[in-house]
Amino acid sequence: MMDKGAKIYVAGHRGMVGSAIVRELQRLGYNNLVMRTHAELDLTRQADVERFFAEERPEYVFLAAAKVGGIAANNAALADFMYQNMTLEMNVIHAAWKNGVKKLEFLGSSCIYPRLAPQPMPESCLLTSALEPTNEAYALAKISGLKYCEYLNRQYGTDYISVMPTNLYGPNDNYHPEHSHVLPAMIRRFHEAKIARTESVTCWGDGSALREFLYVDDLAELCVFLMNTYSGNETVNAGTGKEITIKSLAELVAKVVGYEGQILWDASRPNGTPRKLLDVSKATRLGWRYKTELETGIRLAYEDFLKLNRK
């Protein structure tokens with residue numbers, strides 16, 4: 001268990017996941033938190049990261065910093081996604097090891113699993129077949145991060161763990177029209193279509209792909225729970241164990257937003273992985289289960305979107 005006065009570094013505290021972890025830590029009474037913005041500390045610069053760890057000496061690290069994006073962003077910047085994610089991960093994990101961090105938790109993504117993995121996907125299916133080409137670069141970077149944690153444990157006896165979340169959404173999400181993930185992208189598009197009274201909205205693919213979505217505050221609860229209770233080389237999946245077609249998701253988002261126009265589909269655009277459902281039985285056995293149902297979470301996310309766009 002982390003002592004309430006322990007110095008805890010949350011890397012990526014301004015992002016959706018990092019900010020949720022900060023909220024959960026503060027809710028539980030952890031207030032000795034160390035945070036740096038990208039302007040204050042560029043995690044891709046090794047010397048700067050090593051200096052930061054040597055000066056601050058955090059006892060625990062939540063590594064939630066990452067360059068993220070949806071299908072379009074990943075496809076357009078494969079090299080950038082690989083380089084930036086791999087570099088910042090290695091810098092932080094290595095500096096944590098060099099400076100005696102007691103425990104580190106690495107946040108990955110369900111895209112690490114094979115494109116045609118057995119469904120639902122257990123942690124053990126990692127590296128058993130080919131990845132989804134549209135986000136292969138990001139997946140390879142995340143695999144490298146979790147494997148580096150495992151190898152440090154095996155070689156040096158560290159206590160570094162990893163968590164692999166499914167598709168996330170919630171407060172502080174990225175609603176960029178081109179670089180966001182599917183759910184926040186839909187929130188923005190349907191909201192703008194409602195305001196503009198657009199008769200139809202066209203979505204990518206044919207709507208048949210199946211996806212799982214986890215509200216980010218539920219993930220944050222699991223992250224702190226695992227930091228206090230779990231040790232092991234194998235990652236832990238974080239999800240709901242439930243899936244929905246992209247078509248049904250679009251209809252649900254439109255309902256929450258209040259868009260009443262027609263939803264069209266552009267089948268010439270990629271669907272991405274056909275199905276991505278996580279096997280969450282391991283997290284369940286450890287004592288965790290998600291709390292926020294999808295429609296409730298989308299309503300909370302839409303409220304957050306409206307707040308961000310009123311500023």
Side-chain angles (χ1 to χ4, degrees), residues 1-3 6-12 17-18 21 24-25 30 33-34 43-44 46 49-50 52-54 56-66 82 84-114 117 121-128 131 138-166 219-239 278-288:
M1 292 284 290
M2 294 184 292
D3 183 82
K7 182 178 276 192
I8 304 169
Y9 171 45
V10 181
V17 174
I21 290 172
E24 177 66 6
L25 287 167
Y30 296 98
L33 307 182
V34 181
L43 296 179
T44 65
Q46 184 177 15
V49 174
E50 292 187 349
F52 163 77
F53 271 85
E56 290 292 339
R57 311 291 294 190
E59 297 170 75
Y60 298 92
V61 174
F62 289 87
L63 179 42
M82 182 171 226
Q84 291 186 34
N85 282 296
M86 194 171 289
T87 304
L88 73 85
E89 291 162 9
M90 293 298 164
N91 285 345
V92 172
I93 298 168
H94 186 69
W97 167 69
K98 281 183 67 177
N99 289 277
V101 165
K102 290 180 181 178
K103 192 165 187 175
L104 177 144
E105 181 174 285
F106 173 70
L107 273 293
S109 165
S110 60
C111 72
I112 65 166
Y113 295 123
M121 300 181 289
E123 290 87 353
S124 59
C125 75
L126 180 66
L127 296 175
T128 55
L131 298 165
Y138 180 71
L140 287 170
K142 288 295 183 183
I143 292 169
S144 297
L146 75 90
K147 282 295 182 183
Y148 187 43
C149 289
E150 176 190 337
Y151 298 153
L152 285 170
N153 290 346
R154 289 167 56 183
Q155 185 174 349
Y156 294 106
T158 52
D159 188 7
Y160 293 175
I161 62 174
S162 61
V163 185
M164 294 302 123
T166 189
L219 170 67
E221 182 183 348
L222 174 63
C223 287
V224 178
F225 170 76
L226 291 175
M227 187 68 104
N228 279 325
T229 62
Y230 177 73
S231 294
N233 289 332
E234 188 178 66
T235 189
V236 179
N237 286 340
L278 289 179
D279 180 345
V280 294
S281 59
K282 182 175 181 178
T284 303
R285 288 195 304 272
L286 291 169
W288 175 86

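Quick note: numbers below take in every heavy atom, side chains included, and nothing from hydrogens, waters or symmetry partners.
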Asks: So, Thr44 side chain and Gln84 main chain: donor-acceptor pair closer than 3.5 Å or not?
Replies: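 Not a single qualifying donor-acceptor pair exists.
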Asks: What's the spacing between Asn237 CG and Ser110 OG if we round to 0.5 Å?
Replies: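 If we round to the nearest 0.5 Å, Asn237:CG and Ser110:OG are 8.0 Å apart.
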Asks: Measure across Ala64 and Ile21 and return the closest heavy-atom pair with its distance rounded to 0.1 Å.
Replies: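 Residues Ala64 and Ile21, closest heavy atoms: CB-CD1, 4.4 Å.
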Asks: Can you name the nearest heavy-atom pair linking Leu104 to Cys149, along with the distance?
Replies: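 Closest approach of Leu104 to Cys149, heavy atoms only: CD2-SG, 3.9 Å.
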Asks: Rounded to the nearest 0.5 Å, how far apart are OG of Ser109 and OH of Tyr138?
Replies: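 If I round to the nearest 0.5 Å, the distance is 5.0 Å.
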Asks: Just how far is it from atom CD of Glu123 to atom CG of Leu278, taken to the nearest 0.5 Å?
Replies: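 Reported value, rounded in 0.5 Å steps: 8.0 Å.
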Asks: For Gly18 and Val10, which heavy atoms make the closest approach, and how far apart are they?
Replies: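 What the structure gives for the nearest pair is O-CG1, 3.8 Å.
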Asks: How long is the straight-line distance from CG of Leu146 back to CD of Glu89, given to the nearest 0.5 Å?
Replies: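 Taking CD in Glu89 and CG in Leu146, the distance rounds to 8.5 Å.
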Asks: For a 4.5 angstrom cut-off between non-hydrogen side-chain atoms, does Val236 reach Trp288?
Replies: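 Sidechains of Trp288 and Val236: no contact.
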Asks: Indicate yes or no for a side-chain donor-acceptor contact from Lys102 to the backbone of Pro58 under 3.5 Å, with no hydrogens or angles considered.
Replies: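 No.
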Asks: List for me each residue that meets salt bridge (Lys or Arg N to Asp or Glu O under 4.0 Å) alongside Glu150, sequence neighbours excluded, and say none if there are none.
Replies: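 Checked Glu150 against salt bridge (Lys or Arg N to Asp or Glu O under 4.0 Å); matches are Lys147, Arg154.
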Asks: Between Phe106 and Tyr148, is the gap from one ring center to the other below 6.0 Å?
Replies: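 Between Phe106 and Tyr148, the centre distance exceeds or equals 6.0 Å.
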Asks: Output yes when a side-chain donor or acceptor of Tyr30 lies under 3.5 Å from a complementary backbone atom of Met2, and no otherwise.
Replies: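 Looks like yes, one N/O pair under 3.5 Å.
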Asks: List the atom of Cys125, the atom of Ala117, and the distance in Å for their closest heavy-atom pair.
Replies: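 Reported closest heavy-atom pair: SG-CB, 4.0 Å.
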Asks: Could you list the residues that satisfy side-chain contact (heavy atoms from CB on, under 4.5 Å) with Asn153, not counting sequence neighbours?
Replies: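 Thr158, Tyr160, Asn233.
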Asks: Could you tell me whether the side chain of Met227 reaches within less than 4.5 Å of the side chain of Ile8, counting heavy atoms only?
Replies: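 Result no, sub-4.5 Å side-chain heavy-atom pair not found.
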Asks: Where the side chain of Asn91 meets the backbone of Leu43, is there a donor-acceptor pair that is under 3.5 Å apart?
Replies: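 Judged by distance alone, yes, a pair lies under 3.5 Å.
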Asks: The criterion is salt bridge (Lys or Arg N to Asp or Glu O under 4.0 Å); which residues satisfy it with Asp159, sequence neighbours excluded?
Replies: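 For Asp159 the salt bridge (Lys or Arg N to Asp or Glu O under 4.0 Å) partners, ignoring immediate neighbours, are Lys103.
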Asks: With a 4.5 Å limit on heavy-atom distance, are the side chains of Val92 and Val61 in contact?
Replies: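 Yes - at least one pair of side-chain heavy atoms lies under 4.5 Å apart.
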Asks: Does Lys7 reach the main-chain N or O of Glu56 with its side chain, forming a donor-acceptor pair under 3.5 Å?
Replies: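 Yes, Lys7 side chain to Glu56 backbone: donor-acceptor pair under 3.5 Å.
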Asks: side-chain contact (heavy atoms from CB on, under 4.5 Å) between Leu222 and Val163: does it pass, once the steps are laid out?
Replies: CA-CA 9 Å; Leu222 174 63; Val163 185; 4.3 Å; yes
Asks: If only side-chain N and O atoms count, and only distance matters, is there a donor-acceptor pair under 3.5 Å linking Tyr113 with Asp279?
Replies: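 Result is no, nothing qualifies.
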Asks: Given the rule in the side-chain contact (heavy atoms from CB on, under 4.5 Å) test, do Ile112 and Ile143 qualify, once you have shown the distances and angles that lead to the verdict?
Replies: CA-CA 6 Å; Ile112 65 166; Ile143 292 169; 3.7 Å; yes
Asks: Could you walk me through whether Lys282 and Tyr230 pass the side-chain contact (heavy atoms from CB on, under 4.5 Å) test, one step at a time?
Replies: CA-CA 11 Å; Lys282 182 175 181 178; Tyr230 177 73; 2.9 Å; yes
Asks: Of all heavy-atom pairs between Tyr60 and Ala6, which one has the smallest distance, and what is that distance?
Replies: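 The pair with the smallest heavy-atom distance is CE1-CB, 3.7 Å.
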Asks: What are the two closest heavy atoms between Leu107 and Cys223, and how far apart are they?
Replies: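 Of all heavy-atom pairs spanning Leu107 and Cys223, the closest is CD1-SG, 3.7 Å.
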Asks: Distance check, rounded to the nearest 0.5 Å: Leu126 atom CG versus Thr128 atom OG1?
Replies: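 Reported value, rounded in 0.5 Å steps: 7.5 Å.
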Asks: Do Gln46 and Met90 have side-chain heavy atoms sitting under 4.5 Å apart?
Replies: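 They are not in contact (no side-chain heavy atoms under 4.5 Å apart), so the answer is no.
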Asks: Contact between Leu88 and Leu63 at the side-chain level, heavy atoms closer than 4.5 Å - yes or no?
Replies: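 Answer yes - side chains close enough.
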Asks: Compare all side-chain heavy atoms of Val17 with those of Phe62 and state whether any distance is below 4.5 angstrom.
Replies: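 They are not in contact (no side-chain heavy atoms under 4.5 Å apart), so the answer is no.
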Asks: Distance check, rounded to the nearest 0.5 Å: Met82 atom CE versus Thr87 atom OG1?
Replies: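 Nearest 0.5 Å value for the CE-OG1 distance: 10.0 Å.
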Asks: Between Glu50 and Lys98, is the closest basic N to carboxylate O distance under 4.0 Å?
Replies: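 Between Glu50 and Lys98 there is a salt bridge, with a charged N closer than 4.0 Å to a carboxylate O.
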Asks: Let me see the working for Val101 and Tyr9 under side-chain contact (heavy atoms from CB on, under 4.5 Å), right down to the final yes or no.
Replies: CA-CA 10 Å; Val101 165; Tyr9 171 45; over 6 Å; no
Asks: Determine yes or no for a side-chain-to-main-chain donor-acceptor pair under 3.5 angstrom, with Glu221 supplying the side chain and Glu24 the backbone.
Replies: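 Here the side-chain-to-backbone pair does not exist.
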